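See structure below.
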Amino acid sequence: MTSIHRGDLEIALSGNLPAVGTAAPEFTLTTGDLEEITLADFAGKRVVLNIFPSLDTDTCARSVREFNKRAASLDNTVVLCVSADLPFAAHRFCTVEGIENVITGSTFRSSFSVDYGVRMQTLPFTGLNARAVVIIDTDGKVIYTQLVPEMADEPDYDDALAVLQ
């Protein structure tokens with residue numbers, strides 16, 4: 001089992017990120033209009049999963065803004081911002097911030113967090129997602145993973161998106 005940190009607190013996770021070179025686990029997420037989206041909905045596209053705890057934290061909000069900015073220049077690529085936030089809250093955040101280049105997906109009624117190994121298992125963060133990036137190619141294979149070891153840190157955007165150049 002993998003873990004991350006928040007300062008001195010070690011936080012156990014539900015498992016491990018999917019391995020590079022393997023088929024990405026199927027998933028179902030809920031959008032701001034309560035529609036369900038799945039990995040199959042993006043067949044033939046590259047998928048960037050920006051996974052994080054909640055848009056109510058500055059670091060998570062910055063990651064969505066940054067991926068939104070960078071997503072506009074990525075060909076045949078969709079960026080999904082995945083959290084345990086309720087779909088309405090994620091939709092409201094994007095509307096207020098003018099974010100149009102990413103899709104938000106809530107894990108609130110799916111097994112995504114466990115299937116991708118990012119569900120935090122240690123109080124007080126139990127049930128939230130760890131911060132991670134998973135990139136899936138057009139054939140549904142994982143081509144990149146990044147688990148951010150310190151919860152307060154942002155992902156390495158340049159490293160993650162370099163695989164798409």
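If you're wondering where the values come from, they're calculated on a predicted model, not measured in any experiment.
When hydrophobic clusters are built by joining Ile, Leu, Val, Met, Phe, Trp and Tyr residues whose side-chain heavy atoms come closer than 4.5 Å, directly or via intermediates, Val114 is not grouped with Leu128. Grouping the Ile, Leu, Val, Met, Phe, Trp and Tyr side chains by contacts below 4.5 angstrom, directly or via other members, places Val79 with Ile143.
In the hydrophobic clustering, Phe108 connects to Leu86, either directly or through intervening members, whenever side-chain heavy atoms lie under 4.5 Å apart. Residue Leu34 is found in a hydrophobic cluster whose other members, listed by chain and number, are Phe88; membership requires side-chain heavy atoms under 4.5 Å apart, directly or through intermediates.
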* Start with the C-alpha gap between Asp85 and Ser54, add the side-chain angles, then the distance that decides, and say whether side-chain hydrogen bond (donor to acceptor under 3.5 Å, both in side chains) holds. => CA-CA 6 Å; Asp85 289 318; Ser54 173; 2.7 Å; yes

* To do: Test side-chain contact (heavy atoms from CB on, under 4.5 Å) on Thr126 and Met120 and set out the steps.
  => CA-CA 5 Å; Thr126 301; Met120 290 190 248; 5.9 Å; no

* Asked: Thr77 and Val48: side-chain contact (heavy atoms from CB on, under 4.5 Å), yes or no, with the steps?
  -> CA-CA 7 Å; Thr77 303; Val48 177; 3.9 Å; yes

* Under the side-chain contact (heavy atoms from CB on, under 4.5 Å) criterion, do Leu49 and Ile136 qualify, and how do the steps go? -> CA-CA 8 Å; Leu49 298 173; Ile136 303 165; 4.0 Å; yes

* Stepwise side-chain contact (heavy atoms from CB on, under 4.5 Å) test for Thr31 and Thr104 -> CA-CA 6 Å; Thr31 66; Thr104 57; 5.7 Å; no

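In this structure, a donor-acceptor pair under 3.5 Å is absent between the side chains of Thr28 and Glu36.
Rounded to the nearest 0.5 Å, atoms CG (Leu164) and CD1 (Ile135) are 4.5 Å apart. A distance of 5.5 Å separates CD in Gln121 from OG in Ser14, rounded to the nearest 0.5 Å. Going from atom CG of Asp156 over to atom CG of Asp158 covers 6.0 Å, rounded to the nearest 0.5 Å. For the atom pair OG of Ser111 and CD of Glu26, the computed distance is 11.0 Å after rounding to the nearest 0.5 Å. Here the straight-line distance linking atom CG of Leu39 with atom CG of Asp115 works out to 11.5 Å at 0.5 Å rounding.
Across every non-hydrogen atom of Ala130 and Leu13, the tightest pair is CB-CD2, 3.7 Å. Residues Pro25 and Tyr116 share a closest heavy-atom pair of O-OH, 2.7 Å. Closest non-hydrogen pair, Gly127 versus Ala84, comes out as O-CB, 4.2 Å. Among all heavy-atom pairs drawn from Leu17 and Ala132, the shortest one is CD2-CB, 4.0 Å. Between Val148 and Ile4, the shortest heavy-atom distance links the atoms O-CG2, 3.6 Å. In terms of heavy-atom proximity, Thr122 sits nearest to Ala12 at OG1-N, 2.9 Å.
With a 4.5 Å cut-off on side-chain heavy atoms, Leu9 and Pro124 count as touching. Proximity of Ser3 to Ile11: side-chain heavy atoms (C-beta onward) are nowhere separated by under 4.5 Å. When side chains are defined from C-beta on, Asn50 does not count as touching Leu80, because their heavy atoms never get closer than 4.5 Å.
Shown here are the salt bridge (Lys or Arg N to Asp or Glu O under 4.0 Å) partners of Asp75, two or more places apart in sequence or in another chain: there are none. Scored by the salt bridge (Lys or Arg N to Asp or Glu O under 4.0 Å) test, Arg46 finds no partners at all (sequence neighbours excluded). In this structure Phe52 satisfies the ring-ring contact (aromatic ring centres under 6.0 Å, His included) test with no other residue, sequence neighbours excluded. Residues satisfying the salt bridge (Lys or Arg N to Asp or Glu O under 4.0 Å) test with Arg6, not counting sequence neighbours, are none. For Thr30, the side chain to side chain donor-acceptor pair (under 3.5 Å) partners at least two apart in sequence or on another chain are Arg109. Partners of Glu154 according to the salt bridge (Lys or Arg N to Asp or Glu O under 4.0 Å) rule, which considers only residues two or more places apart in sequence or in another chain, are Arg62.
Within the structure, side chain to side chain donor-acceptor pair (under 3.5 Å) pairs that include any residue of residues 141-150 comprise Tyr144-Gln146, Tyr144-Asp159 (at least two apart or interchain). Pairs of residues two or more places apart, or lying in two chains, never qualify as ring-ring contact (aromatic ring centres under 6.0 Å, His included) while including a residue from residues 120-143. Under the side chain to side chain donor-acceptor pair (under 3.5 Å) criterion, the residue pairs touching residues 127-138 are Ser113-Asn129, with sequence neighbours excluded. For residues 2-33, every residue pair satisfying the ring-ring contact (aromatic ring centres under 6.0 Å, His included) rule, not counting sequence neighbours, is listed here: Phe27-Phe112.
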